[in-house]
Amino acid sequence: GQHEKASPHVIRALDITQDLYGKDHPKYAEVLEVYSDLLADPEKAEQLSREALALKIKHLGDNHADVATSRARLAMKLRVQGRYPEAEVLARAAVEALKKELGPDDRKLTFPLLVLAQAVGWQGRASESEELHRESLVLLRAHYGENHPEVAERLLNLGQNLKQQKRVGEAEQAFRDGLRVGQRVLPVDHATMGGLRSELTTLLASTGRAEAARAVNDAALQEIAQQPGENRLATITERTLLLVEMGKHGTTSAVEQLAREILDLSREHQALTERAALESMLSLYNLSLALAKQGRMEESSVFYQEFLDRLPEREDQNQLGWSEFKNEIMEKFYRLGRYAEAVPLYREKYESMARSLPANHPEVLYPMSSLARALAEWAWQNFRSGPDKTAQVTNSLDLDRAREAERLLRESLARWQENPDFVPWRVADVQSRLGRAILVGAIIDPSLSAEAKEARMNEAEGYLLDGFKGMGAVLTNEDKYLHD
């Protein structure tokens, strides 16, 4: 996980390998592939990975085991970009080639099986994905034993798959097993450990077991306290992970208590890291929200104003943590129905992605659809709030919002359908949102005749039914889809 520290050494190794063997050599391909794994730019990483794969095919032949492994590494890069069908083809070819060359029980199969499981899972085929995850896990245990870092990681992957299938008990067991393995072989702050704790606390909190979620968090803090010199900043991070989940599923009093703990911890540290400072801001927001839900509006407004006052400090800091924080905030604004605050954040994210990525890239299409959904819901909320003295102005603005939502979603749907790597349930997602936007526009547009309104509603019904049918392949439909 220390890519920035590793990169200079790999670049140096690449230069040395080039001096010794030249660029047209399989050893150069090996180092080039390692370097591609470290790059943050997905397109550059893919390019170098393809170059390495081509070199290996040239020198080793298409059926060599190392070539199959390289195909799996390229597939992983495509999966990260959301190109799941293409990733599936490469990963499946890698698995089949390795089984043919080395047999079905070789340890080199564990990684391609993982990539294939993830590519299949993201296309809504959860049962097939589960089988592949279990196959990879069995091989890992057979070759490395139970106490291995990758066993903990695979248990995390398996648990996520089971959670997607609503098999809560089995998912919980997988996460707990993964934590037990990780506690023996991984540091407490390792990414896999953080993922396991986050998934387990999410699961527990979402099934009404807030105290059990808190217990998982407390156990992690005890481990942190046993490290040489208690890491207070790590404590803030762990508490914030729990706070996010408690904010979604916990009681307001529990959220208030946790947010106050984080604020107290952060105020002990005058020189916070960037990440810890952001988490302190998140706790301010959650505390104000928890107090408001309890009707303690005066107290709530004090913390909310402090949160707002601190926002400008970070407007010009293009930090990854700040971007994640804004994502969290805009989702909260949306869920609270505060669309006037959510829409500008959705729009900022969409426009930022559109400036830096191709038009049909998934990371452009996701925020595009989210912005449209928020616009449609904003228009509907205002319409339902009833006429008042500004009704004419409001209705005009809301009609513009509904029309923009429809335009964005029609464009998004066309881009998904043109994309050779589109995922069917993603198309269904956009169809669902488009049906909703058309329906809102049909209802609030006073200029439509009865016949035109009926035609628009029939069109909306078609999209909603298509979306509902397509989303049926995904077992974890969120409330927003059921709402449509």
Side-chain angles (χ1 to χ4, degrees), residues 37 49 53 62-80 82-182 184-186 191-193 195-196 199-200 203 423 425 473-476:
D37 292 342
S49 189
L53 175 59
D62 198 54
N63 297 321
H64 196 279
D66 286 352
V67 171
T69 301
S70 292
R71 281 199 172 95
R73 291 168 84 162
L74 174 58
M76 177 64 85
K77 295 176 179 68
L78 297 176
R79 184 197 64 76
V80 168
R83 295 157 62 183
Y84 308 121
E86 190 177 350
E88 179 188 350
V89 170
L90 282 168
R92 195 176 296 282
V95 169
E96 291 173 355
L98 286 171
K99 285 184 176 180
K100 182 178 179 180
E101 289 295 309
L102 305 176
D105 301 322
D106 193 85
R107 64 182 179 82
K108 287 188 176 181
L109 276 163
T110 58
F111 176 68
L113 282 168
L114 168 66
V115 180
L116 180 57
Q118 291 174 332
V120 166
W122 275 99
Q123 294 177 75
R125 289 143 55 195
S127 296
E128 183 182 352
S129 177
E130 178 192 347
E131 291 177 9
L132 293 164
H133 278 304
R134 290 190 184 279
E135 186 178 352
S136 177
L137 183 59
V138 166
L139 287 178
L140 272 173
R141 283 170 163 159
H143 287 283
Y144 301 110
E146 184 71 9
N147 296 327
H148 191 276
E150 289 191 35
V151 171
E153 182 183 357
R154 294 302 191 278
L155 285 165
L156 169 60
N157 301 142
L158 177 61
Q160 290 167 330
N161 174 277
L162 295 167
K163 180 181 171 184
Q164 181 187 4
Q165 298 184 65
K166 300 280 190 186
R167 290 156 62 183
V168 174
E170 293 173 82
E172 179 182 345
Q173 189 60 55
F175 294 140
R176 290 191 183 277
D177 289 346
L179 279 174
R180 276 191 287 271
V181 173
R184 293 192 289 266
V185 297
L186 290 170
T192 298
M193 294 295 285
L196 285 161
E199 289 286 3
L200 183 55
L203 190 69
V423 181
W425 73 264
V474 182
L475 299 180
T476 54

Sub-4.5 Å side-chain heavy-atom contact between [X] and [Y]:
X	Y	result
Y84	Q118	no
F175	L155	no
V185	H148	no

Between [atom1] of [X] and [atom2] of [Y], what distance do you get to the nearest 0.5 Å?
X	Y	atom1	atom2	result
L186	M193	CG	CE	6.5 Å
R107	L139	CZ	CG	11.5 Å
L90	M76	CG	CE	12.5 Å
L140	T110	CG	OG1	4.5 Å
L114	L137	CG	CG	10.5 Å
E135	D105	CD	CG	9.0 Å

Where is the tightest heavy-atom contact between [X] and [Y], given as atom of each residue plus distance?
X	Y	value
R79	A119	CD-N, 4.2 Å
N147	V181	CA-CG1, 4.3 Å
G178	A152	O-CB, 3.7 Å
L98	P112	CD1-CG, 3.6 Å
N161	A126	ND2-O, 3.1 Å
V115	A91	CG1-CB, 4.1 Å

Indicate yes or no for a side-chain donor-acceptor contact from [X] to the backbone of [Y] under 3.5 Å, with no hydrogens or angles considered.
X	Y	result
S136	H133	no
N63	A97	no
H143	K108	no

In terms of side-chain geometry, is the basic nitrogen of [X] or [Y] positioned less than 4.0 Å from the acidic oxygen of its partner?
X	Y	value
D37	K77	yes
R154	E150	yes
R92	E96	no
R125	E88	yes

Note to self: Looking only at the side chains, is there a donor atom on one of E153 and N157 sitting less than 3.5 Å from an acceptor on the other?
What the structure shows: no
*Should L203 and E199 be marked as a side-chain contact (heavy atoms from CB on, under 4.5 Å) after you check the CA-CA gap, both sets of side-chain angles, and the distance that decides it?*
CA-CA 6 Å; L203 190 69; E199 289 286 3; over 6 Å; no
